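Below is one structure, written out as structure tokens, with a few remarks after it.
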2 protein chains.
Amino acid sequence: MQEKKKIPKSVASRLSLYLREISRLEDEGGDKVSSVELGELTGLTDAQVRKDLSYFGQFGTSGSGYEILKLKNILRDLLGKDNIWHIVLIGAGNIGSALLRYPGFKNQGFIIKEAFDIDQKKIGKCYGEVTVKDVRQINDIEKDRSIKIAIITVPVDSAQDVAEEVTRYGIICILNFSPVILKVDEGVTVRNIDLSNELENFSFILTSAKG
Amino acid sequence: MQEKKKIPKSVASRLSLYLREISRLEDEGGDKVSSVELGELTGLTDAQVRKDLSYFGQFGTSGSGYEILKLKNILRDLLGKDNIWHIVLIGAGNIGSALLRYPGFKNQGFIIKEAFDIDQKKIGKCYGEVTVKDVRQINDIEKDRSIKIAIITVPVDSAQDVAEEVTRYGIICILNFSPVILKVDEGVTVRNIDLSNELENFSFILTSAKG
DNA sequence: AGAGATTTGTGATTTTTTTCACGAAGTAGG
DNA sequence: CCTACTTCGTGAAAAAAATCACAAATCTCT
Ligand SMILES: NC(=O)c1ccc[n+]([C@@H]2O[C@H](COP(=O)([O-])OP(=O)(O)OC[C@H]3O[C@@H](n4cnc5c(N)ncnc54)[C@H](O)[C@@H]3O)[C@@H](O)[C@H]2O)c1
Ligand SMILES: NC(=O)c1ccc[n+]([C@@H]2O[C@H](COP(=O)([O-])OP(=O)(O)OC[C@H]3O[C@@H](n4cnc5c(N)ncnc54)[C@H](O)[C@@H]3O)[C@@H](O)[C@H]2O)c1
């Protein structure tokens, strides 16, 4: 009954990184890892690694570090890696079809179960293991209550509409590739992938460096 | 000679967002915008909008807001939008080719000028306006000193090698899609797009909600 | 078993980022 | 020109995040 200190956002967003590197170490046959080593792998300081992990309990061993298997299981637990997560993707264009073809998601427990498009030329096509359906059938996802995550890869003008629709049908997490801030109900989490934004960050750096 | 207060990282990363929404407003024929309105469009508070912009001077008008054209020009200046930025992409696979085909970058002054791959099946192919070259010719980019930005879309095992190579040839900004933390020299900026990470963030949220 | 080295876990501190809150400046309408 | 309203710019305060630094725990070696 002591599990209730709130986890800072910043910490939560790094768990995935820890798990990735821990898994890599495990694959290489390691069985112990120190906060210094894990810090090097993740690009963080050792202190930050320790502090982050300490939010979830004490499972390191002074003088020797963290047991890889144990740490992996804790992180897997936190991240819900024993579940399979079902995803719907809307917009099977350039980016959308690249995502559909990527086998890596499935290996990590993320299955894109449905894909929708508005374009007759896309509908019926099969990418990876998914056949693209007509977006007018999108309420299909309501029947399958297991789909809580949507990936939106439609053009910017349609993104808000699509977001409203999928949230109506039970989606509460949205990964949005369109360059627009989606207005969603409370309780819905949106993460934006904004590639132009990233590039403009570079041009800002390059421009101010010249100053 | 007073231009020297340091701009916080967090502020810099939002400039692009402001410019995007300001440009949208301009397209719609607007000529003034308040911090409240801009806050709504960007998903930020009005106070934050004002504070962010205030790092660059005072160009709002009390009682009426910001002049869109003026604000746009300031942001364009800061972000170096009067330059054309040249980019090299390495790895013309799923994601890489989706990026090559995207016309949006060019419209925003980002030109993917060269693309390289190691696979004979990819070499010689043309995506968008770029023809994929053999990665063994990658030092071509050294001749073209205008290329400072690289997009890395190779498999995880090659990413570190590619990063080392491109930085040797003058790249100082890297947009990395591979799920690995790149070790680069000081002075090189890396931004990671880690889609599995984003999805795991969702599964963390969904898992802890159930808790 | 003891000495010396390593590494954790965490309060305290510092830094960074966001929010608050209000005076000053400007607008609008008579 | 006066009153009522709007909106900016910004110090001050609060909140969030990162870093420091060290006691305590454990390990290794002899
Ligand atoms: N491709 C990139 O490299 C890239 C880079 C940055 C941003 N983006 C953004 O990502 C989004 C997708 O880009 P893209 O290049 O894949 O575009 P795209 O045009 O190739 O694909 C968009 C797909 O969405 C479909 N669509 C349109 N309206 C729809 C609707 N209402 N319901 C369902 N499907 C609909 C279209 O038929 C098309 O297949 C865009 O918002 C774009 O701005 C893409
Ligand atoms: N596609 C996705 O949706 C997705 C999602 C998450 C992460 N990623 C990551 O993005 C990266 C690319 O993914 P993808 O799906 O496009 O992979 P992909 O296999 O389709 O493409 C990779 C390309 O890189 C080329 N390549 C390999 N080694 C190279 C080298 N040394 N130099 C030059 N080219 C080389 C390959 O020939 C191939 O064309 C991977 O690291 C992947 O983990 C992709």
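On a predicted model such as this, the values are computed, not experimentally measured, just so you know. Protein chains get the first letters and strands the later ones, always in sequence-line order, with residue 1 at the start of each.
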More than 12 foreign heavy atoms under 6.0 Å from NZ of A:Lys106: is that the case here?
->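 Open.
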Check the distance between [N]'s [atom2] and [X]'s [atom1] and give it to me in whole angstrom.
X: A:Lys51; N: C:dG11; atom1: NZ; atom2: C1'; value: 7 Å
X: A:Gln58; N: D:dA24; atom1: CD; atom2: P; value: 14 Å
X: A:Leu53; N: D:dA17; atom1: CG; atom2: C1'; value: 16 Å
X: A:Leu38; N: C:dT7; atom1: CG; atom2: C1'; value: 13 Å
X: A:Ile7; N: D:dA18; atom1: CD1; atom2: P; value: 14 Å
X: A:Phe59; N: C:dT8; atom1: CZ; atom2: C1'; value: 11 Å
X: A:Lys9; N: D:dA15; atom1: NZ; atom2: P; value: 15 Å
X: B:Tyr55; N: D:dC8; atom1: OH; atom2: P; value: 17 Å

State whether the side chain of B:Ser146 and the backbone N or O of B:Trp85 hold a donor-acceptor pair below 3.5 Å, judged by distance alone.
->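 Side chain of B:Ser146 to backbone of B:Trp85, a donor-acceptor pair under 3.5 Å: no, none is there.
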Would you say A:Ser203's side chain and B:Leu79's backbone share a donor-acceptor pair under 3.5 angstrom?
->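 Answer holds: yes.
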Pairwise side-chain contact, A:Cys173 with A:Leu175, heavy-atom cut-off 4.5 Å (strictly under) |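 Of all side-chain heavy-atom pairs linking A:Leu175 with A:Cys173, none is under 4.5 Å.
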Value rounded to 0.5 Å, distance of CD in A:Glu37 from OH in A:Tyr66 =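 Reported to 0.5 Å precision, the distance equals 12.5 Å.
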On the nucleotide [N], are OP1 or OP2 found under 4.0 Å from the side-chain N or O atoms that [X] carries?
X: A:Arg50; N: C:dG9; answer: no
X: A:Ser64; N: C:dT7; answer: no
X: B:Gln48; N: C:dT18; answer: yes
X: B:Arg14; N: C:dT18; answer: yes
X: B:Ser10; N: C:dT18; answer: yes
X: A:Tyr66; N: C:dG9; answer: yes

Taking the side chain of [X] as heavy atoms from C-beta outward, which of [options] is closest to it?
X: A:Ser35; options: C:dA24, D:dG9, C:dT8; value: C:dT8
X: B:Thr45; options: C:dT19, D:dA25, D:dG9; value: C:dT19
X: A:Ser54; options: C:dT7, C:dT27, C:dG9; value: C:dG9

Starting at the 5' end of DNA chain D and moving along, which residue's nearest nucleotide shows up first, A:Thr61 or B:Asp52?
->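 Nearest nucleotide further toward 5': that of B:Asp52.
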